[in-house]
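Reviewing the structure listed below.
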Amino acid sequence: MIAVELAGSIIRDGHHLVHRAIDHETLGHLYICIRGRGFRCRRTNEGAITMAITVAELLAEPQLGLSLIAGADGLGNRITWAHTSDLPRLWEWVTGGEIMMTNGLSIPPDAPGQVELAHALVDAGASGLAIGEKMHAPALQPEFLDACNALALPLINVPYPLPFIAIARTVAESSLLEESRRLRQTARIYDLLRLTDTTGNHWQSLVQGVASEVASQLFVVDRRCLHPWHPDGEALPGHVRAEVEPLIRNSAASTKTFRWHMVGDHHILMVDIPTHTNALLVVIPHTEPHPDAVVLLHAATVLGLELSRTVLALESQRRMGAEFLLQAFEGRYGLAEMENHLSRFGVPAEKFLVLSLSSDDEQHLADVHLELWRHGSPAVCVRRLNRLHAIVSAQCPMDMLRHAVRPDVRIGVSTPSTANDLQRALQESLWALGTAGNSIEQLVRYADGPSWLGLTSHEQGAAIVQRLLGPIVDYERGRQPDLMVTLKTYLELQRSWAKTAAALFTHRQTIIYRIKKISELTGLDMAETSTVAQLWFALQIHEAMDGQGGMGKSPLPK
């Protein structure tokens, strides 16, 4: 009677699941077969009612006439969908639970190829393989049949001329209530974005909520290094990391983003987070059968939405931090005000580092602030052309800094500083950056040793710049800075009047006049090699300390 009422509800309400108080003991092994509908209702280990058909139930359909060739131990496999493909790598199209149907073109003719196919299908999570009779399949080798038996992969013969669509329709109709369950589960996952507590570790609370819905352990990591993508995220346990690393390497060249991998005696799924490059969702199911593929894709989307929301908030914070840092470098804040701002951005005002970073490709600096945050080091950043300046905690590990940026990015690091010494710390980071830019080192800390010019401090460099170039800068205040530009170009072009004039789009006599003016201001003979060497030396120091031409007095370089 209960079966009849349930069946009637299904027919009357179509795709809508009718909630009824049903005795699970009564329905433990309930089988409903409604003519023209093909519904199956089974009880799972958890006591829930599922409508997915099994391989055994599919074989029992008299109108299909299917027969089992091998793999009898897999008759209990649950079928989530039926998919047809005759492509060579049949397993590439498995997302978990499908029965794969082929006319035989996907079957290799040799025994090793057929055995590899069986293993690959099982590793990908296929529920069975159905082969069309009297089509294009080669002879099935004994080794293939033995592999299907050992792997519990049902191998099914599809009688000629039964169309594959008949099998697909039977599977689809039996999954009607399963689809309703999937829709409700998906809705609950999206609702977690609203319901998850925004206080405390909001990100991990969301991940755990989604994990509970899909009965799996979830990790969101960076596929490049397998570190947590979010600083509050849970790190991959050591044994899981060891399992995932070879899977990442082997799938690096593949465009497939959803595939179950058999590792030892369990499966691991890697799903790309659709909204963020290199963000990867690692799924380790707690139970069999696997979580529904569609639900898992929605779970990845929900986690991606939360990451996007977080990144947008970080971008707003980055813009505010850039405005603050620009003014702080120019000395526009009092001590107390600057300390309050730094604390608000998560940087300890009592002890911090100033970083100066440069790259030939300025796009490599675009996400440095995000990478620092992701690796647990909040930063205040401001960017100018191919340089980025940041303030981070003095406890920031140097190895993490190297890891968080591209290999071609050079990093100069100041000594630990306070808000009182911000300008000095900036000059130290620029000095260290100049040393990094002229050496093979990616990261240089100020005062770890002499610079590439043999000097040990920016104070020494400032004194040299002031003595040799100071008169020129003083003369040009309020004027067009022609002399410094001319001197730099003149020395770079081997003191050629003609080449310098061409490079600066001016007359040769104008260049001669400017060089004579430089000699007059500095008191140095421009014909002497020693003079040229000193001026070149001073220009190198000046560029390392201050790219704007302010001799270190204007603290923010272009």
Where the side chain of N149 meets the backbone of L145, is there a donor-acceptor pair that is under 3.5 Å apart? yes
Could you check whether any side-chain N or O of N278 sits under 3.5 Å from a backbone N or O of R223, counting only pairs where one atom can act as donor and the other as acceptor? no
Salt bridge or not between E441 and R410? Use side-chain N to carboxylate O under 4.0 Å. no
Non-neighbouring partners of V122 that pass side-chain contact (heavy atoms from CB on, under 4.5 Å), sequence neighbours left out: L151, L153
Under a 4.0 Å threshold between the charged nitrogen and the carboxylate oxygen, would D408 count as salt-bridged to R406? no
Is any side-chain heavy atom of Q185 closer than 4.5 Å to one of E213? yes
Looking at S212, is its backbone amide N or carbonyl O close enough to the side chain of S216 to form a donor-acceptor pair, meaning the two atoms are under 3.5 Å apart? no
Can you find a pair of side-chain heavy atoms, one from V240 and one from V244, that are under 4.5 Å apart? yes
Under 3.5 Å, is there a donor-acceptor pair between the side chain of T95 and the main chain of A293? no
Output for pair (S393 OG, L372 CG), nearest 0.5 Å, gives 11.5 Å
State the NE2-CZ distance between H369 and R319, to the nearest 0.5 angstrom. 9.5 Å
In the structure I gave you, are the side-chain heavy atoms of I79 and L58 within less than 4.5 Å of one another anywhere? yes
Main chain of E371, side chain of H375: is a donor-acceptor contact present, judged purely on distance under 3.5 Å? yes
If you count every heavy atom of other residues, nucleotides or ligands that lies below 6.0 Å from Q395 atom CD, does the total exceed 12? no
Sub-3.5 Å donor-acceptor pair from the side chain of E98 to the main-chain atoms of A82, do we have one? no
Smallest separation among heavy atoms of A70 and L68, with atom names: O-CD1, 3.2 Å
Quick one, V214 and V295 - any side-chain contact, counting heavy atoms below 4.5 Å? yes
For L105, does its backbone N or O pair with a side-chain atom of N103 as donor and acceptor, under 3.5 Å? no
Would you say the side-chain atoms of R383 pair up with the backbone N or O of E362, donor to acceptor, closer than 3.5 Å? yes
Do you know which two heavy atoms are closest between V55 and P154, and how far apart they sit? CG1-CB, 3.8 Å
Does a donor on one side chain sit under 3.5 Å from an acceptor on the other, for E306 and H202? yes
A394 and L353: which non-hydrogen atoms are nearest, and at how many Å? CA-CG, 3.7 Å
I156 and I69: CA distance, side-chain angles, deciding distance, side chain to side chain contact (heavy atoms under 4.5 Å, CB included) verdict: CA-CA 6 Å; I156 298 170; I69 301 174; over 6 Å; no
Just wondering, do L401 and M398 contact through their side chains at under 4.5 Å, heavy atoms? yes
Are R188 and D191 close enough for a salt bridge, meaning some N to O gap below 4.0 Å? no
Quick one: CD on E245 to CD1 on I248, what's the gap to the nearest 0.5 Å? 9.0 Å
Spell out, as yes or no, whether a donor-acceptor pair under 3.5 Å connects the side chain of H266 to the backbone of V263. yes
Flag the pair V347 / V392 as yes when at least one side-chain heavy-atom distance between them is below 4.5 Å, and no otherwise. no
Which pairs would a plain distance check flag for residues 111-120, meaning a side-chain donor or acceptor within less than 3.5 Å of a matching protein atom at least two apart in sequence or in another chain?
from: Q114; atom 1: OE1; to: Q141; atom 2: N; distance (Å): 2.9
from: Q114; atom 1: NE2; to: P108; atom 2: O; distance (Å): 2.8
from: Q114; atom 1: NE2; to: A139; atom 2: O; distance (Å): 3.0

Quick check against the 3.5 Å criterion: does T102 have a side-chain atom that pairs as donor or acceptor with the backbone of G132? no
What closest approach, in Å, do S127 and N77 show between heavy atoms, and which atom pair accounts for it? O-ND2, 3.0 Å
Between the CD atom in E243 and the CE atom in M262, the distance rounded to the nearest 0.5 Å is 11.5 Å
Roughly how far apart are D361 CG and H364 NE2, rounded to 0.5 Å? 4.0 Å
Walk me through whether T301 and Y190 qualify under side chain to side chain contact (heavy atoms under 4.5 Å, CB included). CA-CA 9 Å; T301 300; Y190 277 98; 3.8 Å; yes
Does T310 form a side chain to side chain contact (heavy atoms under 4.5 Å, CB included) with W203? I'd like the steps, not just the answer. CA-CA 9 Å; T310 302; W203 167 251; 5.8 Å; no
Find the distance between CD (Q317) and SG (C381) and round it off to the nearest 0.5 Å. 10.0 Å
Quick one, D123 with W91, criterion side chain to side chain contact (heavy atoms under 4.5 Å, CB included). Give me CA distance, side-chain angles, the key distance, then yes/no. CA-CA 9 Å; D123 287 348; W91 59 89; over 6 Å; no
Is the W93-H83 ring centre distance short of 6.0 angstrom? no
Looking at side-chain heavy atoms only, is the closest gap between V207 and E234 below 4.5 Å? no
Would you name the heavy atoms of V94 and G125 that are closest together and state the gap between them? CG1-C, 3.9 Å
Over all heavy atoms of both residues, which pair between I273 and G304 is shortest? Give the atoms and the distance, please. CG2-CA, 3.4 Å
Would you check if L155 and L140 make a side-chain contact, meaning some heavy-atom pair closer than 4.5 Å? yes
